[in-house]
2 protein chains.
Amino acid sequence: MAIRLRDRVYIADLLGKGEVGKEYTVAGWVDTVRAHGGIVFIILRDRTGKMQLVVKRNVSKESWKIAKSLNPESVIAARGALVESKAALGGRELVVSELVVYSEAEPLPIDIRDYRKTTLAKRLDWRFLDLRNPRNMLIFLVEAEMARAARDWFYEHGFVEIFTPKIVGAATEGGAEVFSLVYFDKPAFLAQSPQLYKQMGVISGFERVFEIGPAFRAEPHHTTRHLTEYTSLDLEMGFIDSFEDVMDTVEGVVRAMVRRVIEVYGDRIREYFPDARLEEPKEIPRITIREAYKLLESAGVPVEWGEDLSSEAERRLGEIIEREYGSPMVFVTEYPWRARPFYTMRKPDDPEWTLSFDLLFRGLEIATGGQREHRYEVLLRQIEEKGLNPKSFEWYLNMFRFGAPPHGGAGIGLERVVMQLLGLGNIREARLLPRDPERLVP
Amino acid sequence: MAIRLRDRVYIADLLGKGEVGKEYTVAGWVDTVRAHGGIVFIILRDRTGKMQLVVKRNVSKESWKIAKSLNPESVIAARGALVESKAALGGRELVVSELVVYSEAEPLPIDIRDYRKTTLAKRLDWRFLDLRNPRNMLIFLVEAEMARAARDWFYEHGFVEIFTPKIVGAATEGGAEVFSLVYFDKPAFLAQSPQLYKQMGVISGFERVFEIGPAFRAEPHHTTRHLTEYTSLDLEMGFIDSFEDVMDTVEGVVRAMVRRVIEVYGDRIREYFPDARLEEPKEIPRITIREAYKLLESAGVPVEWGEDLSSEAERRLGEIIEREYGSPMVFVTEYPWRARPFYTMRKPDDPEWTLSFDLLFRGLEIATGGQREHRYEVLLRQIEEKGLNPKSFEWYLNMFRFGAPPHGGAGIGLERVVMQLLGLGNIREARLLPRDPERLVP
């Protein structure tokens with residue numbers, strides 16, 4: 001009987017629930033092969049785990065011949081009887097009666113077992129092989145689970161998913177860090193964030209919207225924290241009393257993401273990532289940036305009042321908060337107006353500061369947000385004050401002339417959350433196929 | 001006591017579960033205002049529904065003064081007692097003791113009640129107002145629900161979400177319909193699909209992957225079916241016996257999407273979209289393109305054997321299938337090799353045809369897919385046969401040298417599914433902010 005892949009069972013299911021004596025079909029990648037006279041032992045790997053296949057000359061000569069000459073990472077399927085085996089992984093093995101090879105592998109260009117032997121750059125060149133290492137694959141299972149947990153949280157709290165344009169007519173955030181393209185005969189840009197569009201979502205009447213999608217930043221810098229293309233979890237909510245409501249939302253969603261990952265992958269993460277930070281923050285402390293300046297100054301870290309925090313200051317602040325509050329996360333609030341974009345609402349009694357926040361996780365910004373200015377006249381002044389041309393924002397400004405509720409929102413960098421949770425040293429590890437100034441392929 | 005938006009309840013909840021005599025806070029947009037001596041009647045709208053507010057001079061003179069001069073679409077919050085009222089929507093109304101205006105609306109530039117009075121182009125220019133019409137908003141609630149249903153189906157069937165690059169070094173599908181940009185000093189393109197990357201997902205060992213994200217096509221044509229940026233539901237699965245397995249998957253996910261939308265929004269769709277096609281296809285017929293040619297020829301529709309179907313032929317085929325099979329959907333299979341991309345697997349016994357399919361819904365292609373060629377030597381020949389340069393696909397070709405399982409997948413156009421389900425005349429209606437050769441703003 002020919003092997004049919006429809007009959008295939010996953011290894012984890014077979015080891016867990018298979019009946020000894022019954023015939024099963026398995027399929028996957030050859031992890032290792034070892035020949036011993038008339039027997040070939042294959043460790044087969046699929047995405048659920050590994051198990052031993054025993055291919056005996058006296059059971060199936062044809063299968064034995066094929067098995068003998070298999071290279072690791074070849075793709076096969078096998079059919080055979082499940083038997084008990086003290087020596088085998090999981091206490092069971094399959095005695096193969098039929099074997100099919102779908103794809104023979106050549107000798108590998110990188111060592112996928114000991115991935116540390118290969119530079120990150122080369123690992124990324126051979127990403128499809130690099131991911132065959134369960135530790136590296138786990139990063140992306142965690143990332144997918146986080147996105148899922150975030151969406152579940154958004155649905156529960158009445159947020160509607162929107163799909164906004166990535167090709168835009170004007171740079172959203174201003175500044176030079178924008179990719180430009182030619183859109184037929186017109187100049188256009190890649191969206192740095194869905195900022196203006198998610199505000200539109202609220203003002204249109206969806207009230208609460210979210211989007212998980214790509215954001216593009218033409219960052220010319222090489223750091224371990226920046227990507228030119230990343231996955232942004234964006235949310236925006238109307239009818240808020242203050243930017244505290246937005247922080248409550250960000251806190252809710254980030255905690256849900258961390259909680260879910262611990263539930264689903266906690267054990268596997270502990271196995272592969274000794275530097276992971278696997279606890280759900282109970283309540284995230286909130287301090288103003290002025291308090292942050294003071295804490296940093298007391299610790300001997302130079303800061304400039306009225307300016308943004310440097311990444312070094314953020315790192316040190318993370319350590320201080322960890323020590324003082326026992327929390328890996330902290331909201332820093334009320335950033336100076338000069339360091340925030342035009343749409344930020346300013347503090348009514350002290351307009352040099354804004355109703356905004358960053359969320360730091362182990363000393364790295366993972367989210368940024370705040371209340372938005374929804375009063376037309378004020379917004380217009382703020383655009384002018386930032387040296388931007390109101391003409392470029394005409395459609396956006398118009399939204400505030402026909403009924404805009406008080407609202408706010410935030411953007412969360414998915415790869416950064418994963419990086420900080422797992423304790424990865426470089427954000428490129430947390431992106432399937434990272435883009436930086438040099439890397440455009442694969 | 002000042003109004004706090006935290007206390008706000010949604011209108012649908014208040015009409016459904018509010019206690020008569022109790023005080024409540026509501027917020028939203030002013031739908032209509034009508035003054036009658038000492039009383040102002042406001043119909044307030046939030047995203048859950050509409051209700052009447054009664055503002056009486058003898059209850060709150062201040063509120064009455066404000067209410068009198070409100071323009072429709074202004075954003076307000078109101079606090080007051082819930083009372084029974086036979087004349088009001090839902091049999092209840094709120095007698096207002098306090099009223100706050102967050103945003104006063106100017107007279108509107110378009111008629112949002114009778115949206116048909118405005119051209120689609122102008123509606124899109126004022127999209128944030130256009131969406132205040134519940135019919136237009138419903139389109140995007142349906143779209144969000146479809147994406148959610150698709151993901152639920154993917155999760156249940158073991159698909160892992162991936163986030164693939166949208167800035168790419170080579171045009172995925174070949175051809176001229178690609179946007180180019182300058183990536184620092186290198187030429188780059190916007191991904192026409194995640195095709196090569198989702199195949200990488202399978203070959204890396206995820207086995208089954210999906211992505212719901214933007215796809216970009218530099219289509220210079222103006223049609224009612226094309227967008228230059230759309231949301232693509234992409235899936236790819238390994239260890240398949242044949243492309244029938246992929247069709248089973250597409251059928252599963254599309255049926256789940258339609259089923260969910262009917263469950264959640266069926267009644268509201270029937271109210272607003274008389275042309276909607278609200279039934280879940282039981283089983284989707286599958287016919288080869290050769291059978292399709294014959295059916296079309298018998299119906300007097302000119303076809304060219306060995307060529308793709310024209311959009312007019314697809315439309316007519318949809319009618320024929322509807323009549324013959326009673327199904328709004330049909331899989332057309334085995335498209336000619338000359339009409340499919342290089343990565344398509346060809347029929348082993350008849351290589352002029354391929355193991356591919358399109359899914360038509362009411363005569364419009366909503367999905368396309370098939371089995372992919374996973375044999376290195378064959379794939380290399382196919383790239384050359386299509387006149388492409390294997391050098392440009394080096395990283396992709398390498399994937400097939402180190403263990404690639406038989407696999408296949410498909411891409412589903414989200415906006416097209418929505419358009420055909422609701423019976424919209426133009427795909428721009430199904431995209432929040434559509435992009436076409438002329439439209440780049442908002």
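First the proteins, then the strands, lettered A, B, ... as listed; each starts at 1.
Contact annotation for A:P442: both backbone and side-chain heavy atoms come within less than 4.5 Å of a heavy atom of chain B. The part of B:S180 that comes within reach of chain A is its backbone (N, CA, C, O), which places non-hydrogen atoms under 4.5 angstrom from that chain. Using a 4.5 Å cut-off between heavy atoms, A:V182 touches chain B through its backbone atoms (N, CA, C, O) alone. Neither the backbone nor the side chain of A:V209 comes within contact range of chain B; no heavy atoms are under 4.5 Å apart. Of the two parts of A:N398, the backbone and the side chain both hold a non-hydrogen atom closer than 4.5 Å to a non-hydrogen atom of chain B. Proximity to chain B (any heavy atom under 4.5 Å) is restricted, for A:L129, to the side chain, taken from C-beta onward. Both the backbone and the side chain of A:R208 come within contact range of chain B, judged by heavy atoms closer than 4.5 Å. Residue contact with chain B, scored on non-hydrogen atoms closer than 4.5 Å, involves the side chain of A:R431 exclusively. There is no contact between A:N71 and chain B, counting heavy-atom distances below 4.5 Å.
In this structure a side-chain-to-backbone donor-acceptor pair under 3.5 Å is present from A:E229 to B:I167.
Between the side chains of A:S242 and A:Q371, not a single donor N or O lies within less than 3.5 Å of an accepting N or O.
One finds a salt bridge joining A:D125 and A:R439 here, because a Lys/Arg side-chain nitrogen approaches an Asp/Glu carboxylate oxygen to under 4.0 Å. Ion pairing between A:R375 and B:E104 fails under the 4.0 Å rule for side-chain N and carboxylate O.
Ring geometry for A:F128 against A:W126 counts as tilted: the plane angle lies between 30° and 60°, on a 0 to 90° scale.
Put simply, of B:G169, B:G205, B:P220, B:A144, the one with the most heavy-atom pairs under 4.5 Å next to chain A is B:G205. Most heavy-atom pairs under 4.5 Å with chain A: of the set B:F400, B:F179, B:Y396, B:Y10, this distinction falls to B:F179.
With rounding to the nearest 0.5 Å, the separation of CZ in B:R8 from CG in A:D241 is 11.0 Å.
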